[in-house]
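This report concerns only the one structure given below.
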Amino acid sequence: MDCERYNARETEPKWRALWDESGTFRTLNEESRPKYYVLEMFPYPSGRIHMGHVRNYTMGDVIARFKRARGFNVLHPMGWDAFGMPAENAAMQNKSHPAAWTYANIASMKAQLKSMGLSLDWSREIATCDPSYYKHQQRMFLDFLAAGLVDRKQSKVNWDPVDHTVLANEQVIDGRGWRSGALVEQRELTQWFFKISDFAEDLLRALDDLPRWPEKVRLMQANWIGRSEGLLVRFEIAPAPSIEAGEVEVYTTRPDTLFGAKFIALAPDHPIAAERAKADPALAAFIAECQHLGTSEAAVETAEKRGYDTGLRVRHPFDPDWLLPVYAANFVLMDYGTGAIFGCPAHDQRDLDFSNVYGLGNAPVVCPQGVDPASFTITDAAYDGEGVLINSRFLDGLTIESAKEEVARRLETTPLGNRPQGKRQVNFRLRDWGISRQRYWGCPIPIIHCEACGPVPAPELPVELPKDVTFDEPGNPLDRHPTWKHVACPCCGAPARRETDTMDTFVDSSWYFARFTDPWNEAAPTSAGLVERWLPVDQYIGGIEHAILHLLYARFFTRAMQATGHVGALKEPFAGLFTQGMVVHETYRTKDGAWLNPSEVEIKQTPEGRKAFRLGHSRLGHDRLGHGPEMVEEDVDIGPIEKMSKSKRNTVDPDEIIETYGADTARWFVLSDSPPERDVIWTEEGVQGSAKFVQRLWRLVGELADLAAPNDEVWPEDLSEPALKIRKAAHAALIKVEEDIERLRFNRAVAQVHDLANKLSAAIGAIESAEIGADIRRAFREAAEFLVLCFAPMMPHLAEECWARLGNAGLVAEAAWPTADRALVVEDAITLPVQVNGKKRGDLVIARDAKNEAIEAAALALDGIQRALEGRAVKKIIIVPQRIVNVVV
RNA sequence: GCGGGCGUGGCGGAACUGGUAGACGCGCCGGACUCAAAAUCCGGUUCUGGUGACAGAGUGUCGGUUCGAUUCCGACCGCCCGCACCA
């Protein structure tokens, strides 16, 4: 018997060194085995990994190790999403250079990731802030430009009038700049755009080709792209004193409700509103006020509905005498449709809210079935369901669909000016992707602006970021750099200036998966042959928060790379997608409202339930006598379970956990219990449970190793009942773990390992006193190996140690997954639950292949069934083969 | 505000495609071992009533479809994610 404790702290580094030495996880591009590309979303190098990373990378690692065991040539790389705002914020705060800060963070996070024992091919490591990466990105920008996939146009930014700087949406808090506190303004800048909207139709349609994506992500993307079929309608402005003739064009998906129109609303930044504002200071003031909301759609749409009457009146398309007021309104977006709508308060909630504020009334024009049109009124809930047209002259009695058709048909043939008043149009919500950022720490846009020649591609790549920059004042350091931007025009030689905007960091993460296939290629972003061999990524794993933007941009980028010859015929980058949940933790607060870290809190079970107490100092601090930290008798409020965050201090440091319990315990815990797509609640009890199970497995494998036959012994002819039972348990577990990992149901795989361990413990207990035959020894050997192989992808260090304990040569990381014998787990007799009227009243044990008549008779003969029937006549008996029997009375 | 998701014992969760609700783990209770404790091992554990066999209730709430609903449909409540310059 081997009773010593498993010492993860000593054992884990030993195996990691051995994997390194033997190059176990180096992936060769030239290989005959089938490929499998597993990728986790690469991290932003913030400095320390968090539990979310541990969960994400453990899941990917389980798949990588499992697929390797199943005979695949696995690509499992890692890199750094290294550009971004935090580096610049740190530069401002600590006077550190963004590059130095970023690379130091990468070094410490890499050490942390290494301590997790991930089977990564580190030789392919990339950092997006490295010129050797971003020069290829600049190449592709120029290729996209040449291919007509890039645009330059005006768009709005949040402007801080005090700091004279552009703010990100997250830097705008309640309409004010986060540092200056000044009310933000909207400013128009000329910026670079990728023409993602050219691909809208294809990005939408191709969602159908992604069966291994979660349905919810495809739905969210489809809604984001937002294809709609509607009608452009031009309304004639009624001339009046000081009002010139003109028109307002609106886009509507509900032309059927045209007779319910009560007003027209323009976006505050609509040209007509701007024009009217010149003569109307109050309107100008209203528009300026709207612009203080910032550019975020959420802020605009949650603001209280407000508007301002421009004084304009337009004619109803079907009745020249019917005039509608034209408002400028804060809930209309210039970016969507034409930036103007007609408001039908009865059938659109926003329009109704607006109408109720300004007393514009409403007129229902669609009446739900079974409701009397005469009494159908709307007060504060708009009706957007099905129905029949009412109060709509020639549309009365039509369905919504045919009314839409009729309005479109009429307006298409009604001239206004010299063209039809209405025009059918397919519209997309998706806007072009603005990539210009007025910041330093990003990939420079490789363009030179010349007075005479316009924007010209930079002749030499990479256009590197200058290193000598300062962050002691707000604004873009590139723009105020004394020399960097001044260059000669590559075309005419005249003095010109570099583009000082850098690219959105989403560009960096839109092609890194392709770069991993050959990160050594200095001449081009990708290598023909290799990129087609490895892509698409077979399994991509990351947070649900990236469901729309990152994934949509990557899908667009892949199409653009295809158009410019960088990825062969590939269209979709990720064949399989999995979105994992967050790691959350309880929050703790003292009576005076200060947040406490879990390490500062002791949880006790009391008769009244769980209670929290504040600790004197860190849990890990012990004095010389070995006494734990002193407990301060101060009640702490246990708050809601929330996403781990610095502000709530409810974080748990992976380093501390790995240092205390070992990487395997941490890995096991994040895979246990919670389904991977759902949030996992980090608890101290849970970690201790995982740590105990590590010890238990080590003891169990030790016991099995002592009882098991040598690893080269052949199977005896006949197996006794106990030996057969052990075999059945082992094979059943193997089958289930296999299925569970294949379907990414790691929590169930964990349960199967527990189950097998329980069964093997029981088997040892049952035969210990009796004579142990050769067949049982052989069965124990097989079961022990299966057990180790089953948890090896999840707890790789422990598995190596156990594998060696069982006397096996070689690494379990390189061992093949065994083939389960499915015939072994099929039972001859099955247990069928028997219900009466859908309520279970008994169990029927019967031959697997019993005929229905036999099942019926046996079911009715059961005591419990007879009792439940109470002599009532049986109406029918439903038999679901191999599942259930239901007796209906 | 709009779009998407989730909700099951004391707790995390399981339940394949509409077919035994509660696998597995944590916690708790009882027992073994121990001078004692920790660790470990064995047994029990949805709730209510009953010594018990058993009966009734039960998957956020309300309603519907079905022989049968955690699963499908409708409404509501609560929480979470995204909203285009956070990554």
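Since the model is a prediction, treat every value here as computed from it, not as a measurement. Here is the naming used below: chain letters follow the sequence lines, and residue numbers restart at 1 for every chain. Just so it is clear, the values below take in all heavy atoms, side chains as well, and ignore hydrogens, waters and symmetry mates.
Note on A:N169: a side-chain N or O is less than 4.0 Å away from OP1 or OP2 of B:A84. Regarding contacts with the backbone of B:G4, a side-chain N or O of A:N223 is found under 4.0 angstrom from either OP1 or OP2. Contact annotation: A:R218 side-chain N/O to B:G5 OP1/OP2 distance is not under 4.0 Å. Proximity of A:T505 to the phosphate of B:A87: a side-chain N or O atom is located under 4.0 Å from OP1 or OP2. A sub-4.0 Å separation between OP1 or OP2 of B:A55 and a side-chain N or O of A:K840 is absent. In terms of phosphate contacts, A:N758 brings no side-chain nitrogen or oxygen within less than 4.0 Å of OP1 or OP2 of B:A23. The side chain of A:R437 contributes an N or O atom lying less than 4.0 Å from OP1 or OP2 of B:C85. Contact annotation: A:R867 does not reach the phosphate of B:A53 (side-chain N/O to OP1 or OP2, under 4.0 Å). Look at A:R841 and you won't find any side-chain N or O under 4.0 angstrom from OP1 or OP2 of B:U20. A:N747 has no side-chain polar atom (N or O) that falls below the 4.0 Å cut-off from OP1 or OP2 of B:C24.
Rounding to whole angstrom units, CZ of residue A:F506 and P of B:G82 are separated by 11 Å. Put simply, CH2 on A:W441 is 13 Å from P on B:A87, counting in whole angstrom units. Computed from coordinates, the A:K839 NZ to B:G58 C1' distance equals 9 Å when rounded to whole Å.
Taking every side-chain heavy atom of A:W224 into account, B:C83 is the closest of B:C85, B:C83, B:G5. Taking only side-chain atoms of A:V157, from C-beta outward, the nucleotide of B:C83, B:G12, B:C85 with the closest atom is B:C85. Of the candidates B:G25, B:U40, B:C81, B:U40 carries the atom nearest the A:R699 side chain, counting heavy atoms from C-beta on. In the set B:G7, B:C86, B:G68, the nucleotide with an atom closest to the side chain of A:R678 is B:G7. Closest to the side chain of A:R745, out of B:C83, B:A15, B:G13, is B:A15. Minimum atom distance to the side chain of A:K216 is reached by B:G5, of the listed B:G5, B:G82, B:G13.
For the residue pair A:S674/A:N747, the side-chain donor-acceptor check at 3.5 Å is not satisfied. Side-chain atoms of A:Q349 and A:D353 form a donor-acceptor pair, as typed in the model, at a separation below 3.5 Å. Side-chain polar atoms of A:R696 and A:S761 form a donor-acceptor pair below 3.5 angstrom.
One donor-acceptor pair, N or O on each side, does fall under 3.5 Å between the base of B:C85 and the side chain of A:Q438. Judged by distance alone, with hydrogens and angles left aside, A:E545 brings no side-chain donor or acceptor close enough to the base of B:C83 to form a pair under 3.5 Å.
Put simply, the residue from A:F42, A:W511, A:Y44 that forms a side-chain contact (heavy atoms from CB on, under 4.5 Å) with A:T128 is A:F42. Between A:Q191 and the choices A:Q154, A:Q438, A:K156, the side chain to side chain donor-acceptor pair (under 3.5 Å) rule is met once, by A:Q438.
B:U46 and B:A53 have their P atoms separated by 13 Å, given to the nearest Å. Using C1' as the reference atom, B:U8 and B:G60 are 10 Å apart when rounded to the nearest Å. Using C1' as the reference atom, B:G64 and B:A55 are 29 Å apart when rounded to the nearest Å.
Remark: B:A21 base-pairs with no nucleotide; criterion is Watson-Crick or G-U wobble with both hydrogen-bond distances under 3.5 Å. In a base pair of the Watson-Crick type (N1 to N3 plus N6-O4 or O6-N4) or a G-U wobble (N1-O2 and O6-N3), with each distance short of 3.5 Å, B:A15 is matched with no nucleotide. Shown here, B:G63 forms a base pair with B:C73; the pair counts as Watson-Crick or G-U wobble because both key distances fall under 3.5 Å.
Residue A:G434 is in sugar-phosphate contact alone, with no base atom involved, counting any heavy-atom pair closer than 4.0 Å across all strands shown. Residue contacts shown for A:G84 are limited to sugar-phosphate atoms, with no base heavy atom under 4.0 Å away. Contact annotation for A:W433: no contact, since no heavy-atom pair falls under 4.0 Å across all strands. Counting non-hydrogen atoms under 4.0 angstrom, A:S672 reaches nothing in the nucleic acid. Note on A:S296: only backbone sugar-phosphate atoms sit closer than 4.0 angstrom, heavy atoms only; bases stay farther off.
Nucleotide B:G9 carries a syn base; the chi torsion (O4'-C1'-N9-C4 or O4'-C1'-N1-C2) is within 90° of 0.
Between the side chain of A:R872 and the backbone N or O of A:L869 there is at least one donor-acceptor pair closer than 3.5 Å.
For A:K216 and A:E677, the salt-bridge test fails: no basic side-chain N is under 4.0 Å from an acidic carboxylate O.
A residue-by-residue look at A:P86 and A:A298 shows that A:A298 has its nearest nucleotide of RNA chain B further toward the 5' end.
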